[in-house]
Amino acid sequence: MKFFVDTADTAEIRDLAETGLLDGVTTNPSLVHKAGRDFLEVVKEIAAIVPGPVSAEVVALDHDGMMREAEILRKIADNVTIKVPLTIDGLKTCRQLTGDGTMVNVTLCFTANQALLAAKAGATFISPFVGRHDDIGFDGMQIISEIRQIYDNYDFATQILVASVRHPVHVLQSALIGADVMTAPPAVIRQLFKHPLTDRGIEGFLADWAKTGQKIG
Ligand code: E4P
């Protein structure tokens, strides 16, 4: 499963990229607002840090407006992926952009039927939002299982990009279901490395090693 980080904070992206485990980046207008920087500049910087797909979202709601914005965004770098909302205009835009060889991430997906439409529109990625579903008392991961089954039934090439990930259990479930990608905030990615028994084990080994009086090298 590929790991994308969901942030527009370039310091965080740089730091996580050093682990060698980062396959891409997703941003959205709220994350750009949080970063407090010029959108085009920040996308350019991110695309230079991470060679994998970097999602940049259009804000126009009509097809022509989306295409105009996508033209500007896709010129920034080859790895810029245009993010469009799951609407009729969004899917029209998706079809046109992927037909031109541009990667498209269809966002704000909340049902398996919407994911089916995105796959038929040739989306590179579909982003079902699991956390926002959980927030309203629905099991968001159930949609991921349904999408996996539908895409496998028809051999759709669209990659399932699990979004709105809130905790490590979402990551585990995504991997068990066979999602292609998950995108999570930096803090959730850092949580994946941690286990108290790992920390306690290191402490114990180092204490015993010190008693040997030895050094490596
Ligand atoms: C995905 O691409 C979105 O940017 C993101 O995952 C939304 O997450 P949120 O529900 O935590 O805002």
Side-chain angles (χ1 to χ4, degrees), residues 1-10 12-13 16 22-37 39 42-43 45-47 49-50 52-60 66 69-70 73-74 76 79-87 90-91 93-94 97-98 102-112 114-115 117-119 121 123-144 147 158-175 177 179-192:
M1 185 169 70
K2 290 176 208 153
F3 276 29
F4 289 4
V5 65
D6 198 28
T7 185
D9 181 332
T10 51
E12 288 274 26
I13 294 167
L16 283 167
L22 204 57
D23 301 299
V25 177
T26 51
T27 67
N28 65 39
S30 303
L31 293 170
V32 171
H33 171 64
K34 195 170 163 198
R37 293 187 47 195
F39 180 37
V42 94
V43 170
E45 195 176 327
I46 296 170
I49 302 169
V50 179
V54 173
S55 290
E57 191 160 340
V58 297
V59 290
M66 286 182 190
E69 292 176 357
L73 293 170
R74 70 176 169 178
I76 294 176
N79 55 335
V80 169
T81 300
I82 306 301
K83 212 175 181 190
V84 298
L86 208 153
T87 59
L91 294 188
T93 306
C94 172
L97 288 171
T98 54
T102 298
M103 291 186 288
V104 175
N105 176 359
V106 177
T107 191
L108 291 165
C109 169
F110 291 93
T111 69
Q114 286 182 312
L117 295 173
T124 317
F125 301 101
I126 181 68
S127 288
F129 278 35
V130 293
R132 293 192 193 189
H133 251 316
D134 292 355
D135 291 346
I136 58 162
F138 183 85
D139 177 13
M141 294 309 300
Q142 195 186 311
I143 304 291
I144 306 302
I147 300 172
T158 301
Q159 297 180 51
I160 303 173
L161 195 175
V162 181
S164 189
V165 163
R166 300 275 162 80
H167 48 68
V169 179
H170 277 151
V171 180
L172 175 66
Q173 290 170 327
S174 301
I177 292 168
D180 303 284
V181 193
M182 73 86 206
T183 188
V188 174
I189 294 181
R190 290 210 174 81
Q191 277 180 295
L192 299 173

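Residues take their numbers from the sequence shown, with the count starting at 1. As the structure lists them, so they are numbered: ligands from 1, and atoms in each ligand from 1.
In terms of polar-atom proximity, N28 is counted as a contact of ligand 1, with an N or O under 3.5 Å from an N or O of the ligand. Here's the thing with T107: none of its N/O atoms is less than 3.5 angstrom from an N/O atom of ligand 1. For the pair T27 and ligand 1, the shortest N or O to N or O distance does not fall below 3.5 Å. By the 3.5 Å distance cut-off applied to N or O atoms, R166 is counted among the residues near ligand 1.
Given atom 12 (O) of ligand 1, the protein heavy atom at minimum distance is R132 NH2, 2.8 Å. Nearest non-hydrogen protein atom to atom 8 (O) of ligand 1 is S164 CA, 3.4 Å. Protein heavy atom closest to atom 5 (C) of ligand 1, with residue, atom name and distance, is D6 OD2, 2.8 Å. Counting only heavy atoms of the protein, atom 7 (C) of ligand 1 lies nearest to F129 CE2, 3.5 Å.
Within a 6.0 Å radius of NE2 in H167, more than 12 heavy atoms belonging to other residues, nucleotides or ligands are found.
Using a 4.5 Å heavy-atom cutoff, the side chains of F138 and F110 are not in contact. Inter-residue side-chain proximity for V171 and M1 is flagged as met; some heavy-atom pair is nearer than 4.5 Å. For the pair M103/Q159, no side-chain contact is recorded, criterion being any heavy-atom separation below 4.5 Å from C-beta on.
No donor-acceptor pair under 3.5 Å is formed between the side chain of D6 and the backbone N or O of T183.
The distance from ligand 1 to the heavy atoms of A163 drops below 4.0 Å at these ligand atoms: 1 (C), 6 (O).
Ligand 1 lies less than 4.0 angstrom from a heavy atom belonging to K83.
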task = Start with the C-alpha gap between N105 and T81, add the side-chain angles, then the distance that decides, and say whether side-chain hydrogen bond (donor to acceptor under 3.5 Å, both in side chains) holds.
result = CA-CA 6 Å; N105 176 359; T81 300; over 6 Å; no

task = Test side-chain hydrogen bond (donor to acceptor under 3.5 Å, both in side chains) on T10 and E45 and set out the steps.
result = CA-CA 7 Å; T10 51; E45 195 176 327; 3.3 Å; yes

